[in-house]
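Here's a structure for you.
Each chain gets a letter, A, B and so on, in the order its sequence line appears, and its residues count up from 1.
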Amino acid sequence: MDHTDLTQYLDYVLIAMLLAVGFAIVRLRNLFAVVMLTGVYSLLSAAWFVSLDAVDVAFTEAAVGAGISTVLMLGAMLLTARESEPAGAKRHWAALAVVVAAGAALFFAIPDMPVYGDPNSPANSYVGMDYMSSTPNEIAVPNVVTAVLASYRGYDTFGETVVIFTAALGVMLLLGFGTGRREDDDDAAAGKAAKAAKTEDKA
Amino acid sequence: MLEIILERFSYIPIIILMMTGLYVVIATGNLVKRLVGLSLFQTSVFLLYITMGKVFGGQPPIIAGDAHGGDAGHGADAAAGYGAEAAAGHAAETAHHVAEIAYSNPLPHVLILTAIVVGVATLAVGLALVVRIREAYGTIEDDALNAADYSLETGSAE
């Protein structure tokens with residue numbers, strides 16, 4: 001907090017916009033608006049990621065979160081319903097109780113969290129900074145995120161692609177792709193299968 | 001106490017955003033909107049991780065040039081193209097350089113990159129399930145789904 005950095009005001013504006021979009025998603029019942037606002041939410045968080053120096057995360061979030069997720073949700077919305085029913089009062093209060101309890105527990109944990117922007121916090125001290133210092137000697141890729149993703153933690157990335165493959169397989173099996181289903185379901189299956197293939201390509 | 005909170009101010013809006021997502025997941029009966037809430041929650045968790053990796057005055061974790069050259073990309077070219085001993089000498093310089101410039105922590109970025117892609121995979125499976133439920137039941141409101149299940153089990157409308 002001692003640093004007077006002008007970009008912090010940009011951060012405050014982005015936080016305010018994220019909160020506004022989040023509350024709008026809670027209030028709205030039109031699913032098209034909700035899905036579009038989710039895309040806006042992803043894009044705003046991508047902007048904040050840039051401000052937080054996470055440029056790789058920012059463009060992945062913008063492409064996958066704001067792009068592919070929105071397309072998938074729009075497709076599912078078109079195949080299902082346009083409006084959501086309002087939540088019952090009982091349900092509203094139950095959800096509020098859970099949210100308040102969980103939120104209070106998280107607020108209680110805030111003092112144990114690393115200080116924002118502290119270069120010497122435990123989160124920023126050990127293995128992450130070791131990657132920073134050893135990447136130029138060992139990997140020779142200037143982007144350390146790429147080096148960690150593809151080399152140091154290559155098995156993680158391999159596991160991730162296995163997850164994507166499994167998900168694509170699951171979507172195809174669920175929607176009966178290529179099993180000669182009833183005629184009225186063909187459109188649904190074709191649409192989702194195309195999207196599943198797209199998701200697979202992204203990985 | 002107030003100072004402790006102020007130093008960690010970024011967690012407060014993020015916790016509120018996480019709880020917004022959780023509220024949507026619990027309070028909404030519509031399955032598509034419930035998945036929207038889940039992805040809201042998920043994006044907020046990404047924000048939580050990335051703010052932890054931020055270093056004040058830091059740069060994105062992309063190693064820029066060498067200490068005296070000043071042209072970005074030279075360091076990478078040198079490390080990739082030079083012979084072994086030149087690379088070793090250069091590596092010492094670059095390591096020195098890393099100590100001088102503050103970079104943000106790359107590790108949360110890597111973890112969250114993986115999480116974003118896995119998140120869209122789970123979202124795709126969830127939406128496929130919703131589409132199947134709609135085909136089987138004709139509705140995606142979970143009150144109506146419960147009623148349909150109830151009437152199937154008991155053979156009578158609720």
Check: B/Glu141 side chain, A/Glu85 main-chain N or O, donor-acceptor pair, under 3.5 Å: yes

Contact class of A/Thr157 relative to chain B, heavy atoms under 4.5 angstrom: neither

Heavy-atom pair of closest approach, residues B/Pro13 and A/Leu19: O-CD2, 4.1 Å

Residue part contacting chain A, namely of B/Thr139, when any heavy atom lies under 4.5 Å: neither

Toward chain A, the part of B/Leu40 with a non-hydrogen atom under 4.5 Å: both

Option that, when pairs with chain B are counted at under 4.5 Å, heavy atom only, ranks first among A/Val35, A/Thr80, A/Val144, A/Val100: A/Thr80

Approximate separation, where rounding is to 0.5 Å, of A/Met113 CE and B/Tyr11 OH: 4.0 Å

Side-chain heavy atoms of B/Leu127 within contact of A/Met73, under 4.5 Å: yes

Residue pair A/Ile25, B/Thr20: steps toward the side chain to side chain contact (heavy atoms under 4.5 Å, CB included) verdict: CA-CA 9 Å; A/Ile25 290 174; B/Thr20 309; over 6 Å; no

A/Tyr152 atom OH, neighbour heavy-atom count above 12 within 6.0 Å: yes

Interface residue of largest heavy-atom contact number with chain B, from A/Ile139, A/Leu52, A/Leu106, A/Asp56, under 4.5 Å: A/Leu52

Step-by-step side chain to side chain contact (heavy atoms under 4.5 Å, CB included) determination, B/Ile62 to A/Val55: CA-CA 10 Å; B/Ile62 298 171; A/Val55 285; 4.2 Å; yes

Over all atoms of both residues, closest heavy-atom pair of A/Arg153 and B/Val110: CD-CG1, 4.4 Å

Side-chain (B/Lys33) to main-chain (A/Val26) donor-acceptor, under 3.5 angstrom: yes

Pairs of heavy atoms under 4.5 Å with chain A: top-ranked of B/Ile112, B/Leu129, B/Val25: B/Leu129

Between B/His109 and A/Phe49, ring centroids under 6.0 Å: no

Step-by-step side chain to side chain contact (heavy atoms under 4.5 Å, CB included) determination, A/Arg91 to B/Asp143: CA-CA 11 Å; A/Arg91 195 160 195 158; B/Asp143 290 338; 3.7 Å; yes

Over all atoms of both residues, closest heavy-atom pair of B/Val118 and A/Glu160: CG2-CG, 4.2 Å

Pairwise distance CG(A/Leu18) to CG(B/Leu17) - rounded to 0.5 angstrom: 5.5 Å

Taking every non-hydrogen atom, the tightest pair across B/Ala128 and A/Leu174: CB-CD1, 3.8 Å

Chain B interface, residue from A/Ala147, A/Ala102, A/Ala95 that has the most non-hydrogen pairs under 4.5 Å: A/Ala95

A/Thr146 portion near chain B, given a 4.5 angstrom heavy-atom threshold: neither

Pick from B/Leu107, B/Leu35, B/Thr122 with the largest number of heavy-atom pairs that fall under 4.5 Å of chain A: B/Leu107

Electrostatic pair B/Lys54:A/Asp11 at N-O distance under 4.0 angstrom: no

Intermediate values then yes/no, side chain to side chain contact (heavy atoms under 4.5 Å, CB included), A/Tyr12 and B/Phe9: CA-CA 11 Å; A/Tyr12 299 150; B/Phe9 73 96; 3.6 Å; yes

Contact leader toward chain B among A/Ser51, A/Ala16, A/Pro119, where contacts are heavy-atom pairs under 4.5 Å: A/Pro119

Selection from B/Ala115, B/Pro108, B/Ser44 maximising heavy-atom pairs under 4.5 Å formed with chain A: B/Ser44

A/Met129 to B/Tyr103 - nearest heavy-atom pair and separation: CE-O, 3.4 Å

Residue A/Leu31 versus chain B: region with a heavy atom under 4.5 Å: side chain

Pick from A/Thr135, A/Val163, A/Leu149 with the largest number of heavy-atom pairs that fall under 4.5 Å of chain B: A/Leu149

Nearest-0.5 Å distance that lies between atom CG in A/Asp156 and atom CG in B/Leu111: 7.5 Å

From A/Ile15 atom CD1 to B/Ile12 atom CD1, the distance as rounded to the nearest 0.5 Å: 10.0 Å

Residue part contacting chain A, namely of B/Val24, when any heavy atom lies under 4.5 Å: side chain

Max heavy-atom pair count under 4.5 Å with chain A, selected residue of B/Val36, B/Leu31, B/Leu22, B/Val32: B/Val36

Top contributor to chain A interface from B/Ile14, B/Ile50, B/Ile16, B/Val125 [non-hydrogen pairs under 4.5 Å]: B/Ile50

Within-4.5 Å side-chain heavy-atom neighbours: B/Asn105 and A/Tyr131: no

Chain A interface, residue from B/Ile140, B/Val55, B/Val130 that has the most non-hydrogen pairs under 4.5 Å: B/Val55

Side chain, backbone, both or neither of B/Ile15 within contact of chain A (heavy atoms, under 4.5 Å): side chain

Sequence-distant partners of A/Ser121, side chain to side chain contact (heavy atoms under 4.5 Å, CB included), two or more places apart: A/Pro114, A/Asp118, A/Ala123, A/Asn124

Inter-residue atom distance A/Leu96.CG - B/Met19.CE, 0.5 Å rounding: 12.0 Å

Exam field: side chain B/Arg132 to backbone A/Leu175, donor-acceptor pair closer than 3.5 Å: no

B/Gln59 side chain near A/Asp53 side chain, heavy-atom distance below 4.5 Å: no

Atom group of A/Glu138 that falls short of 4.5 Å from chain B, counting heavy atoms: neither

B/Leu123 CG to A/Leu72 CG distance, which is reported to the nearest 0.5 Å: 6.0 Å

Ring center gap for B/Phe56 and A/Tyr116 short of 6.0 angstrom: yes

